[in-house]
Amino acid sequence: MPIALLPDRAVVAVSGPDALPFLQGILTCNVETLPEGEARLGALLTPQGKIQFDFLVSRTGDGFRLDVAAERVPDLVKRLGLYRLRAKVSIAADPTLGVAAAWNGAETAAETVRVRDGRLPALGERLYFSKGAFSADATEDAYHAHRICLGVPEGGRDYAFGDAFPHEALMDQLGGVDFKKGCYVGQEVVSRMQHRGTARTRILPIVYRDGPAPEPGTEVTAGARSLGVAGSRAGERGLATIRLDRLGDALAAGEPVRAGGTVAALAKPDFATFAFPADTAAAG
């Protein structure tokens with residue numbers, strides 16, 4: 001029942017009387033319906049609909065906390081400031097808080113704010129605590145192995161910021177996009193992909209069967225086809241960005257999938273509802 005410190009994560013606080021309408025108008029997720037005690041996946045997109053920042057959003061006493069990659073904090077604070085205009089809102093990094101993840105019912109005696117991870121129940125909880133006042137029994141690598149096994153991508157590890165649409169990063173499958181709430185930055189592009197079903201690329205779990213997991217960025221192929229690229233890895237498992245139409249052609253042709261010379265198998269995450277080539281073949 002592990003608890004893992006996440007030193008690669010940090011907190012940006014957004015507070016003030018206009019914090020809710022400010023975030024509601026620019027983020028992909030719905031903060032109006034966000035309940036107390038939940039961390040909801042969300043993103044700030046480019047006007048072209050690509051992910052600039054991803055984070056977990058949760059409520060605080062006077063606003064919201066954004067749980068984000070630590071190296072992205074200065075850029076996120078700056079970007080949010082550009083959208084503030086006359087809104088009565090404060091945007092600042094909170095260097096006093098640390099971030100941890102707990103799953104499989106792990107408990108701690110340390111004083112923490114605990115919120116459930118709204119992406120998947122199996123991801124457990126996020127913990128926020130005063131830095132220096134907490135220790136954990138698992139490593140950051142253990143957490144990443146856990147999320148990889150579940151098929152949950154993370155920006156900067158499984159896709160490049162500014163290069164991926166929310167559908168490609170499975171945000172539509174993990175509660176990170178609200179398709180009914182109205183306008184936000186990049187909303188038109190994302191809604192069009194949803195209604196037209198044009199998301200041909202998805203991040204998928206991959207298992208490497210006869211060799212070590214290759215370096216992130218390694219090309220995934222089937223015969224002469226380029227299917228995509230490998231992402232983060234943990235042991236024999238990993239995630240990969242894959243063109244579903246090309247994977248379907250490869251499966252129909254009986255061509256093995258390889259990454260860096262290693263034979264691999266691709267699958268649909270258990271939580272996913274999008275059409276997968278193997279599902280189509282089975283239905284036929």
Arg202/Asp172 under salt bridge (Lys or Arg N to Asp or Glu O under 4.0 Å): CA gap, chis, key distance, verdict: CA-CA 11 Å; Arg202 293 283 191 173; Asp172 63 314; 2.7 Å; yes

Verdict with reasoning, Asp158 to Arg147, per salt bridge (Lys or Arg N to Asp or Glu O under 4.0 Å): CA-CA 12 Å; Asp158 297 297; Arg147 70 163 183 85; 3.0 Å; yes

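Atom SG of Cys183 and atom CD of Glu188 lie 9.0 Å apart (nearest 0.5 Å). Note that the CZ atom of Phe53 and the CG atom of Asp75 stand 5.0 Å from one another [nearest 0.5 Å]. Put simply, CG on Leu44 and OG1 on Thr28 are 8.5 Å apart, with the number rounded to the nearest 0.5 Å.
Here the closest non-hydrogen pair linking Leu227 and Ala222 is CD1-CB, 4.0 Å.
With 3.5 Å as the limit, one finds a donor-acceptor pair spanning the side chains of Thr273 and Gln173. Thr46 and Gln52 form no side-chain donor-acceptor contact under 3.5 Å, judged by distance and modelled atom types alone. For the residue pair Thr139 / Asp141, no side-chain donor-acceptor distance below 3.5 Å is found, with atom types taken as modelled.
Among residues two or more places apart in sequence or in another chain, the salt bridge (charged side-chain N to carboxylate O under 4.0 Å, His left out) test is passed with Glu38 by Arg40, Arg116. Listed by chain and number, the residues in a side-chain hydrogen bond (donor to acceptor under 3.5 Å, both in side chains) with Ser90 amount to none (sequence neighbours excluded). Every residue meeting the salt bridge (charged side-chain N to carboxylate O under 4.0 Å, His left out) condition with Glu255, not counting sequence neighbours, appears here in chain and number order: Arg225. In terms of the side-chain contact (heavy atoms from CB on, under 4.5 Å) criterion, Ala224 has no residue partners (sequence neighbours excluded).
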Tabulate below the donor-acceptor pairs under 3.5 Å that side-chain atoms of residues 234-243 make, not counting sequence neighbours, or state none.
residue : atom : partner : partner atom : Å
Arg243  : NE   : Asp245  : OD1          : 2.9
Arg243  : NH2  : Asp245  : OD1          : 3.4
Arg243  : NH2  : Asp245  : OD2          : 2.7

Please list, one pair per line, the donor and acceptor atoms closer than 3.5 Å that link side chains of residues 63-70 to other protein atoms, with sequence neighbours excluded.
residue : atom : partner : partner atom : Å
Arg65   : NH1  : Ser58   : OG           : 2.8
Arg65   : NH1  : Arg59   : O            : 3.4
Asp67   : OD1  : Arg9    : NE           : 2.9
Asp67   : OD1  : Arg9    : NH2          : 3.3
Asp67   : OD1  : Arg126  : NH2          : 3.3
Asp67   : OD2  : Arg126  : NE           : 2.9
Asp67   : OD2  : Arg126  : NH2          : 3.1
Asp67   : OD2  : Tyr128  : OH           : 2.8

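Within 6.0 Å of CG in Asp270 there are 12 or fewer heavy atoms belonging to other residues, nucleotides or ligands.
Arg233 places a side-chain N or O within donor-acceptor distance of the main-chain N or O of Ala213, the cut-off being under 3.5 Å.
Under the 4.0 Å criterion applied to side-chain N and carboxylate O atoms, Arg119 and Glu125 are not assigned as salt-bridge partners.
Checked against the 6.0 Å centroid criterion, the rings of His167 and Tyr159 do not qualify as a close aromatic pair.
A cation-pi arrangement is present between Arg72 and Phe161 under the rule of less than 6.0 angstrom and at most 45 degrees off the ring axis.
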